[in-house]
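Structure, as structure tokens:
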There are 2 protein chains.
Amino acid sequence: MAMTQSVDNQHNKPVLVAVSNALDQTDGLETLRSHAMFSSLRASDLDHLIHQSRHLRLSHHQLLYRQDMPAHHFFFVISGRLRLYRLDSSGIDRTLDSIAPGDCFAEVMIYADPPRYACYAEALKTSEVLMIPVKVYQELLSQHPEYAQAALRHYAIRAVTRFHDLEIMTIQSARDRLIRYLIDLLPNGARESGEVELPLPKCLVASRLAMQPETFSRILADLKASGLVRVNRSKLFIADPQRLMALSQ
Amino acid sequence: MAMTQSVDNQHNKPVLVAVSNALDQTDGLETLRSHAMFSSLRASDLDHLIHQSRHLRLSHHQLLYRQDMPAHHFFFVISGRLRLYRLDSSGIDRTLDSIAPGDCFAEVMIYADPPRYACYAEALKTSEVLMIPVKVYQELLSQHPEYAQAALRHYAIRAVTRFHDLEIMTIQSARDRLIRYLIDLLPNGARESGEVELPLPKCLVASRLAMQPETFSRILADLKASGLVRVNRSKLFIADPQRLMALSQ
DNA sequence: TCGGTTAATTGACTTAACTCAACTACTCAA
DNA sequence: TTGAGTAGTTGAGTTAAGTCAATTAACCGA
């Protein structure tokens, strides 16, 4: 089976995905048009970009790229879900982000120098992604400076989001970090009660929040016991966000 | 004394700075030209931007803006140093970033909706900043789409930096977090030994890294005792970055 | 549907980091 | 220069969170 790049020595899984996994190029790309990075593109330019890209299917736990690999592509998620994580020398796996359909990732690489992926990316379930050559997108931008406007909006929002994530991680107590994380998952902020779905399995949410799975489990059990959260699998019902927030100080 | 905005109820310090603090508009702006957000601007446009901006002088500990305030300006640091921080309901102060001369901050606000500052900003020492109206910069971008190219580069790098900061904060042990922080201050990565200067007083570095000042002090004393770091005020000499990094696992 | 694998929970114990307190060393402004 | 206030250090005691281990529950592919 021909590989576009290499085989991951550590996990013995293909990286940047077997060619045979390439799908029909025009499938399921309706959502692409509504993303800020592509919304202002003329139809012909968008077509060009799509035809220069590859449509990949990833299976559960399949690795897409590894940290420090040269980054010649960025990605758009059509379906499924992925996660970004790092491995340090002692093999500890730290989850940094989860990516849902309609999102881009590694798109910041278009201006990195030298462009290398900052982390690993793997599918959390069967997923489809569009693998877009950085070079082709860059060419579009330089040929059509007006395209940069909408892209700029995307990048500014991305920077704000990352800053917000950083802010949560400066909270010292694991309990308060988790509470803030849950509140931020609520669609209307903390205004009204609602159900949220964890974007990652619990053990990976724990790693994302720099705590052990056991600690996560105990804090959640505690919140359940206080009647603040009702838990059903990966769905959490938050009855009184205000009270929950007050609890976190 | 006329204020442009309001007085900070919490600290009784002026916010967005007294008009009388405005300086000559053309002082010390040579560095502005070399910033990615302004480097591609034609001289006349840059002049226009500067003349629509205000040149402010901030004294030690002076508050520039508060979190949740409407954000109509972003800032460029000409001299001095500032810090970004948040206050939560219990009054805990969490440091999020420090800003050096030649840097912009709150620039991501140009596409926030509604634009509100995400944190407090205060001067750490006597500082000069240029206070740039978001609207004027946005107008320049829409009149000259080609300007967005260079700005895009800045925003992409900002997003990468924030991601990197987030990555450090997912490290669970305070010791390892501090070690990574120090290594990232070294100019050449971990390749060679070197002296670094802490961009913040130690107690604020501690808060930036989500630990207590006592913990910071003890870890540093420990690294000193192991001969890995020599400490002189806010200057740290890192003799063997490789060994230091290995220690953090 | 079943069965193997991984995720989640819970308990018991340990430890890293926090808290409180005392003291020292800077820093800045009068 | 001095003295008040802040920053930094160090010690002792406490607690939150980590570790290890055992068990139960959920998931996914055959």
Side-chain angles (χ1 to χ4, degrees), chain A residues 11 58-62 80-81 83 90-95 98 122-127 169-179 197-225 229 231-236 247-249, chain B residues 11 59-62 80-81 83 90-95 122-126 169-179 198-225 229 231-236 247-249:
Chain A
H11 301 93
L58 305 173
S59 55
H60 187 64
H61 277 151
Q62 190 171 358
R81 188 168 285 272
R83 94 174 158 120
S90 55
I92 293 167
D93 166 335
R94 289 180 287 123
T95 300
S98 72
E122 68 160 21
L124 287 172
K125 47 179 157 176
T126 304
S127 303
M169 296 309 289
T170 61
I171 298 174
Q172 287 193 34
S173 106
R175 184 191 182 82
D176 293 353
R177 235 159 34 232
L178 173 52
I179 289 174
E197 173 139 31
L198 297 176
L200 294 162
K202 288 170 185 172
C203 64
L204 296 182
V205 173
S207 122
R208 172 63 184 73
L209 295 175
M211 67 183 75
Q212 294 298 322
E214 294 93 329
T215 303
F216 179 95
S217 181
R218 279 186 248 267
I219 294 170
L220 206 59
D222 219 62
L223 295 177
K224 227 186 315 185
V229 174
V231 181
N232 182 288
R233 315 249 181 180
S234 70
K235 290 190 173 61
L236 310 186
L247 201 121
S248 89
Q249 309 251 338
Chain B
H11 302 94
S59 55
H60 186 67
H61 276 150
Q62 191 172 357
R81 190 169 281 274
R83 96 173 156 118
S90 55
I92 294 169
D93 168 333
R94 289 180 286 126
T95 301
E122 68 160 19
L124 287 172
K125 47 178 156 178
T126 303
M169 296 308 289
T170 61
I171 298 173
Q172 287 194 34
S173 106
R175 184 191 183 82
D176 294 352
R177 230 152 45 224
L178 174 51
I179 289 175
L198 297 175
L200 295 161
K202 288 171 184 170
C203 65
L204 296 182
V205 174
S207 119
R208 171 63 183 75
L209 294 176
M211 67 182 76
Q212 293 297 320
E214 294 94 328
T215 303
F216 179 94
S217 182
R218 279 186 247 267
I219 293 170
L220 206 58
D222 219 62
L223 295 177
K224 229 186 314 185
V229 174
V231 182
N232 182 286
R233 315 244 183 187
S234 69
K235 289 189 172 63
L236 309 186
L247 202 121
S248 89
Q249 309 251 336

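Reminder, nothing fancy here: chain letters follow the sequence lines and each chain counts from 1.
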Residue A/Glu214, side-chain atoms from C-beta onward, closest of C/dC20, C/dT10, C/dC18: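 Looking only at side-chain atoms, A/Glu214 lies closest to C/dT10.
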
Among C/dA17, C/dA8, C/dT9, the one nearest B/Ser173 by side-chain distance: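 Given the options C/dA17, C/dA8, C/dT9, the side chain of B/Ser173 is closest to C/dA17.
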
Sugar-phosphate only, base, or nothing, as touched by B/Pro213 at under 4.0 Å among non-hydrogen atoms: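 B/Pro213: no heavy atom of the nucleic acid under 4.0 Å.
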
Touch class at under 4.0 angstrom, heavy-atom based, for B/Arg218 against every strand present: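 B/Arg218: base contact, heavy atoms under 4.0 Å.
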
Separation of [N] [atom2] from [X] [atom1] (nearest whole Å):
X        : N      : atom1 : atom2 : value
B/Ile219 : C/dT15 : CD1   : P     : 18 Å
A/Asp176 : C/dC18 : CG    : C1'   : 14 Å
B/Ile92  : C/dC18 : CD1   : C1'   : 12 Å
A/Leu236 : C/dA8  : CG    : P     : 12 Å
B/Leu178 : C/dA17 : CG    : C1'   : 14 Å
B/His61  : C/dC28 : NE2   : C1'   : 12 Å
B/Gln212 : C/dC20 : CD    : P     : 10 Å
A/Met211 : C/dT9  : CE    : P     : 13 Å

Span of DNA chain D, from the first to the last nucleotide whose atoms fall under 4.0 Å of chain B heavy atoms: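 Counting from the 5' end, contacts occupy D/dG8 to D/dG18.
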
A/Glu122 side chain reached by A/Leu58 side chain, heavy atoms, under 4.5 Å: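 No; the side chains remain at least 4.5 Å from each other.
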
Heavy-atom check, side chain of B/Ile171 versus side chain of A/Ile92, under 4.5 Å: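 No, too far: nothing below the 4.5 Å cut-off.
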
Test item: A/Ser127 side-chain N/O and A/Lys125 main-chain N/O as donor-acceptor pair under 3.5 Å: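 A pair under 3.5 Å: yes.
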
Donor-acceptor contact present, side-chain B/Arg81 to main-chain B/Leu124, <3.5 Å: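 Checked: no pair found.
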
Nearest non-hydrogen partners of A/Ala210 and B/Met169, listed with the distance: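 Smallest interatomic distance, heavy atoms only, reads CB-O, 3.8 Å.
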
From A/Lys224, A/Met211, A/Glu214, residue fulfilling side-chain contact (heavy atoms from CB on, under 4.5 Å) relative to A/Ile219: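 It is A/Met211; the other options fail the test.
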
Side chain to side chain donor-acceptor pair (under 3.5 Å) evaluation trace for A/Arg83 with A/Thr95: CA-CA 7 Å; A/Arg83 94 174 158 120; A/Thr95 300; 2.8 Å; yes

Short side-chain donor-acceptor distance under 3.5 Å, B/Gln62 and B/Ser59: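 On atom types as modelled, these side chains qualify, holding a pair under 3.5 Å.
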
Under 3.5 Å side-chain donor-acceptor pair for A/Arg94 and B/Thr170: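 Present: a donor and an acceptor within the cut-off.
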
DNA chain D: 5'-proximal contact among A/Thr126 and A/Gln172 (nearest heavy atom):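 Counting from the 5' end, the first nearest nucleotide belongs to A/Gln172.
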
Rounded (10°) bend between the five-pair end axes of the helix from C/dT1-D/dA30 to C/dA30-D/dT1: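 Inter-axis angle at the ends, rounded: 70°.
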
